[in-house]
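To start, the structure itself, in structure tokens.
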Amino acid sequence: MFRDIGQLVLLAWQTFLALPQVWRQRRKVFEQLFEMGNASLFVACIVSLFIGGVITLQTGPTLVERGLASAVGGLVGLSICRELGPVMMAILIAGRIGSAIAAEIGSMAVYQEIDALRTMNISIVRYLVLPRVVAISIALPALVVFAIMVGWLGGAIAANYNTQIAISYQSFFTNLRQVVEVGDVVKGIIKAFVFAVVIGIVTCHQGLKTIGGPRGIGRSVTKAVVNSIVLILILDYFVTRILMEFKS
Amino acid sequence: MSDPTPRDPSVNVTIRGLRKSFGGEPVLKGIDLDIRRGEIFVIMGPSGSGKSVLLKHIIGLETPDAGEILIEGESIQSPGVMDKYRMAMVFQSGALLNSLTVGENVGLYLTEHRLKPRAEIARIVADKLELVGLKGREDMYPSELSGGMKKRAAIARSLVIEPQLILYDEPTSELDPLMAVTIGEEILSLNRRIHVTSIVVSHDRELAFGIADRIALINEGTIILVGTPDELRASAEPIVQKFLTADHKLKPKQP
Ligand SMILES: Nc1ncnc2c1ncn2[C@@H]1O[C@H](COP(=O)(O)OP(=O)(O)O)[C@@H](O)[C@H]1O
Ligand SMILES: [Mg+2]
């Protein structure tokens, strides 16, 4: 995987250079967006609800015990929007959308559709990579905003119903509003954007270098998903570190 | 033809000392060929002899380890040469884009390079599909086509490029004998009508002797012989005769 970093950076750069041509590919971007939304909105909702719930469950009782009941909303709110929302959604999308991208492009490579495009002088980056990377870069941040809200709601529900926590919706969200700022949500969105580019580039790249028939496609899909998740979790640390420099 | 724009002349192709290995395994071991303007040049040889790899080199999908490929005397490696001449390749499986309709596939070159207005493209696509006997199939998807129809759609897609050089990889494999003859006729009539230099890779003897101006025999990455069909038949080389006369002789001969 780390041997490919150079190629990944190159592909990202080529995609960036092709950006001015994205308007021409808008139909494909919309198609991809629609598919991504369709495939992930419901799962994202369920996942976020439960993550919000479990993080409250894990932290709530301890805080309440120490008389810090008023900190629960803020703590849960922050961890969801800065960390859990973006990372969980990125992992979900890597599995749900990244695998589809790798499989589709991989089968195009195996069945010589990519070669055919090349012989027609059609840019692979512009035609295949660009619309997917752009679509996922729109879809994932949007999904993360949605997931953050649902996550908060999940947290509030758990805080309200668990007898060891027993914090009302009212006080949960009051505290959340005191602690969480717009800047925190923006940081979550920035993370989501970085992760989206990683997923798009890694899975397209892996798809393009698929060889060896249907088995090769399977291998590519696995590799694409695992590599993007590993890369996301590594980059998460560094992006967090960089974003710390910007006080919100 | 109805097309009023004058066609660019067909091109010649020269291959010099072409070598290629995959993972240390030599596949092409020094190929030299001269393909003339406007001829149908058939490259025949057994499976795995490197025919597809050779074609991919000619259209620039592979880069040679050594040697060069010249089109009209210019190396395809030098910048701009591949853009200067229009070439098309008909892949063995057709390689139509499965996510697009037949019509979108055939018109892809024109739409992606924005060469013509939409209505004009639709007209050209209909024209080319009719030429290959797929009139009115624009809205079908490749998955709805038979193997032979896919190949013919792929030929239509190549014709839209108005190529000066067209490469066919195993155009008749996986086809029934009747369809194979139809495709063969297609290749021949296209060549005669628009004088496009045609390189056909095949192990189909009937096809080769039916349409070729000249034939090259390739075996294990080396060219054994180049000649007209008649010269090939007259060759005394045992390996040539063996390849040309191999037959199904499974039943014991009746006394
Ligand atoms: N991209 C590749 N990587 C490794 N080996 C290859 C590749 N392409 C072709 N080969 C090998 O080259 C040899 C010739 O292949 P090919 O040109 O497809 O034969 P054919 O004459 O049947 O078309 C085969 O042994 C094949 O395994
Ligand atoms: Mg072959």
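We name chains A, B, ... by the order of the sequence lines, and we start the count at 1 in each one. Below, each value reflects all heavy atoms present in this structure, side chains not excepted, and no hydrogens, waters or symmetry copies. Just so it is clear, the structure is predicted and the values come from calculations on it, not from any experiment.
The shortest side-chain heavy-atom distance between A:Glu83 and A:Thr240 falls under the 4.5 Å cut-off.
Residue B:Leu207 forms a side-chain contact (heavy atoms from CB on, under 4.5 Å) with just one option from B:Val200, B:Ile183, B:Val42, and that option is B:Val200. For the side-chain contact (heavy atoms from CB on, under 4.5 Å) with B:Ser198, the qualifying choice from B:Leu188, B:Ile166, B:Leu165 is B:Ile166, the only one to do so. Screening A:Glu31, A:Gln25, A:Gln32 for a side chain to side chain donor-acceptor pair (under 3.5 Å) involving A:Lys28 leaves a single residue, A:Gln25.
At a heavy-atom cut-off of under 4.5 Å, chain B is reached by no residue from residues 203-213 of chain A. Residue-level contacts of residues 106-118 of chain A with chain B, in order of numbering, are A:Met108, A:Tyr111, A:Gln112, A:Glu113, A:Asp115, A:Ala116, A:Leu117, A:Arg118; threshold 4.5 Å between heavy atoms. Within residues 109-116 of chain B, the residues that have a heavy atom under 4.5 Å from a heavy atom of chain A are B:Tyr109, B:Thr111, B:Glu112, B:His113, B:Arg114, listed by number. Using a 4.5 Å cut-off between non-hydrogen atoms, the part of residues 47-63 of chain B that approaches chain A consists of B:Lys56, B:Ile59, B:Leu61.
Crowding of A:Gln7 atom CD: a count of heavy atoms from other residues, nucleotides or ligands under 6.0 Å exceeding 12. Shown here is A:Phe146, whose CZ atom has more than 12 heavy atoms of other residues, nucleotides or ligands within 6.0 Å. Within a 6.0 Å sphere centred on CZ of B:Phe22, heavy atoms belonging to other residues, nucleotides or ligands number more than 12. Applying the 6.0 Å contact sphere to CZ of A:Arg96 captures no more than 12 heavy atoms from other residues, nucleotides or ligands. Applying the 6.0 Å contact sphere to OH of B:Tyr85 captures more than 12 heavy atoms from other residues, nucleotides or ligands.
A salt bridge is defined here as a Lys NZ or Arg NE, NH1 or NH2 lying under 4.0 Å from an Asp or Glu carboxylate O, and B:Lys151 with B:Asp169 fails to meet this definition. The existence of a salt bridge linking B:Arg137 and B:Glu144 is excluded, since no basic side-chain nitrogen approaches an acidic carboxylate oxygen closer than 4.0 Å. For the pair B:Glu74 and B:Lys84, the salt-bridge criterion is met [side-chain N within less than 4.0 Å of a carboxylate O]. A salt bridge links B:Glu120 with B:Arg123; the closest basic N to acidic carboxylate O contact falls under 4.0 Å.
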Run the side-chain contact (heavy atoms from CB on, under 4.5 Å) test on B:Glu138 and B:Val125 for me, step by step, so that the C-alpha distance in whole Å, both residues' side-chain angles and the decisive distance to 0.1 Å come before the verdict.
CA-CA 8 Å; B:Glu138 277 94 337; B:Val125 167; 4.0 Å; yes

If you apply the rule side chain to side chain donor-acceptor pair (under 3.5 Å), what do you find for B:Arg157 with B:Asn105, and how did you get there?
CA-CA 7 Å; B:Arg157 181 172 70 179; B:Asn105 260 293; 3.3 Å; yes

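A cation-pi geometry, defined here as NZ or CZ lying under 6.0 Å from the six-membered ring centre and within 45° of its normal, does not hold between B:Lys150 and B:Phe91.
In this structure, no portion of B:Leu167 lies under 4.5 Å from any heavy atom of chain A.
How far CG of B:Asp65 is from CG of B:Leu18: 8.5 Å, rounded to the nearest 0.5 Å.
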